[in-house]
Amino acid sequence: MSAEVVSRATPAAVPLAALLGEDWDRAVRAADGTAIAELRPIVPEAAAPLDETSPLIETLCAWRNDNADRFLDPSRVTLQSTRQWLLALTGSPDRLLFVVHNADSRPVAQYGLRRLSADVVELDNGILGVRGEHPDLFYRIQLRILGLCRDRLGFAEARARVLADNIPALFLHKRCGLKRLEALNIQGPNGRDVVLLGVRLTDVNTD
């Protein structure tokens, strides 16, 4: 599996939200089939009316700052910059953001996708924002997302860039079948190393 992406996505590409459509199972299920959470994609129409007092903006801002040291850009964010980020992300045809809600409709996690080419998607902006839920929640979320990437969005390969000292993220990706493709030495914040991982989606068992 090559680490090089040759054919880039173009502005004319069908938006990921349109490819996803409406008629799909939003449930995140445990190994026994029990629904433990629900994926809710954030579409531009839902993001546009939000202001800095919105509970969603406040939640996303807090999650990002609480996990800043695990991102390639560790800068702290504000309510204003979080709103602008969400508007830009939802306005891009090559990006998609899910907010995951538990059975009480409480937001507990976020997970994003970025199209690198017609065949390759990058796993992006993943945060488990609330602890104490199902012990395998984030693992089951990622498996569900990988299944959607393959079955609904038509991607053949998924990739992720992770700080080399972010052991929980590396372990999660390994559990989901991603393998190390390349070490990007001293390319992270403050000279930290970055690891590029990837997997052919046909190799992922999403059951």
Side-chain angles (χ1 to χ4, degrees), residues 7-51 54-60 63-64 82-130 133-134 136-160 176-177 199-202 204-207:
S7 60
R8 306 297 297 182
T10 66
V14 177
L16 292 184
L19 286 174
L20 182 64
E22 297 288 339
D23 58 334
W24 53 281
D25 182 7
R26 288 163 169 72
V28 176
R29 301 185 186 277
D32 64 1
T34 304
I36 56 175
E38 179 185 359
L39 297 176
R40 300 183 187 177
I42 307 300
V43 296
E45 296 78 12
L50 301 178
D51 61 24
S54 162
L56 178 60
I57 296 298
E58 292 177 350
T59 295
L60 296 179
W63 286 353
R64 178 62 171 76
T82 299
R83 178 178 179 272
Q84 292 302 319
W85 165 80
L86 185 62
L87 291 175
L89 186 151
T90 56
S92 169
D94 295 322
R95 306 197 75 156
L96 190 58
L97 180 72
F98 298 90
V99 174
V100 185
H101 293 250
N102 66 11
D104 298 322
S105 289
R106 179 189 181 197
V108 293
Q110 68 179 58
Y111 207 105
L113 299 173
R114 183 167 72 105
R115 176 166 46 198
L116 299 180
S117 74
D119 296 323
V120 182
V121 64
E122 182 177 51
L123 309 177
D124 191 28
N125 288 312
I127 296 177
L128 179 61
V130 176
E133 299 289 321
H134 188 282
D136 260 350
L137 177 61
F138 211 49
Y139 169 63
R140 303 306 301 187
I141 290 170
Q142 182 154 307
L143 286 183
R144 186 73 187 100
I145 294 287
L146 290 170
L148 290 173
C149 288
R150 180 188 62 209
D151 303 331
R152 297 288 305 190
L153 302 178
F155 290 109
E157 183 179 337
R159 296 191 183 168
C176 292
V199 65
R200 291 284 180 187
L201 290 170
T202 52
V204 178
N205 181 1
T206 57
D207 294 335

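Just so it is clear, the structure is predicted and the values come from calculations on it, not from any experiment.
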Compile the donor-acceptor pairs under 3.5 Å between side chains in residues 43-50 and protein atoms, sequence neighbours left out, one pair per line.
none

| said: One pair to check against side chain to side chain contact (heavy atoms under 4.5 Å, CB included): Val121 and Leu153. What are the steps and the verdict? | reply: CA-CA 9 Å; Val121 64; Leu153 302 178; 5.8 Å; no
| task | Go through Trp63 and Val130 one step at a time and tell me if the side chain to side chain contact (heavy atoms under 4.5 Å, CB included) criterion holds. | result | CA-CA 9 Å; Trp63 286 353; Val130 176; 4.3 Å; yes
| field | Lys NZ or Arg CZ of Arg26 over Trp24 ring: under 6.0 Å, within 45° | value | yes
| task | Would you mind reporting whether Thr82 and Glu58 have side-chain heavy atoms less than 4.5 Å apart? | result | no
| Are side-chain N/O atoms of Asp32 and Thr34 paired as donor and acceptor at under 3.5 Å? | yes
| field | Check: Ala27 main-chain N/O paired with Arg144 side-chain donor or acceptor under 3.5 Å | value | yes
| Of all residues at least two apart in sequence or in a different chain, which pass the side-chain hydrogen bond (donor to acceptor under 3.5 Å, both in side chains) check with Asn102? | Glu133
| request: With side chain to side chain donor-acceptor pair (under 3.5 Å) as the test, would you mind laying out the steps for Thr206 and Arg150 before giving the verdict? | output: CA-CA 10 Å; Thr206 57; Arg150 180 188 62 209; 3.1 Å; yes
| query | What do the steps show when you test Tyr139 against Ile141 for side chain to side chain contact (heavy atoms under 4.5 Å, CB included), and what is the final call? | reply | CA-CA 5 Å; Tyr139 169 63; Ile141 290 170; over 6 Å; no
| Pairs meeting criterion salt bridge (charged side-chain N to carboxylate O under 4.0 Å, His left out) with involvement of residues 35-44, two or more places apart | Glu38-Arg40
| query | Residues in salt bridge (Lys or Arg N to Asp or Glu O under 4.0 Å) with Asp23, at least two apart? | reply | Arg152
| Does Tyr111 have any ring-ring contact (aromatic ring centres under 6.0 Å, His included) partners at least two apart in sequence or in another chain, and if so, which? | Phe138
| remark: Between Asn205 and Leu143 the two heavy atoms that sit nearest each other are O-CD2, 3.8 Å
| said: So, using side chain to side chain contact (heavy atoms under 4.5 Å, CB included) as the criterion, who are the partners of Ala18 when residues are at least two apart? | reply: Val14, Pro15
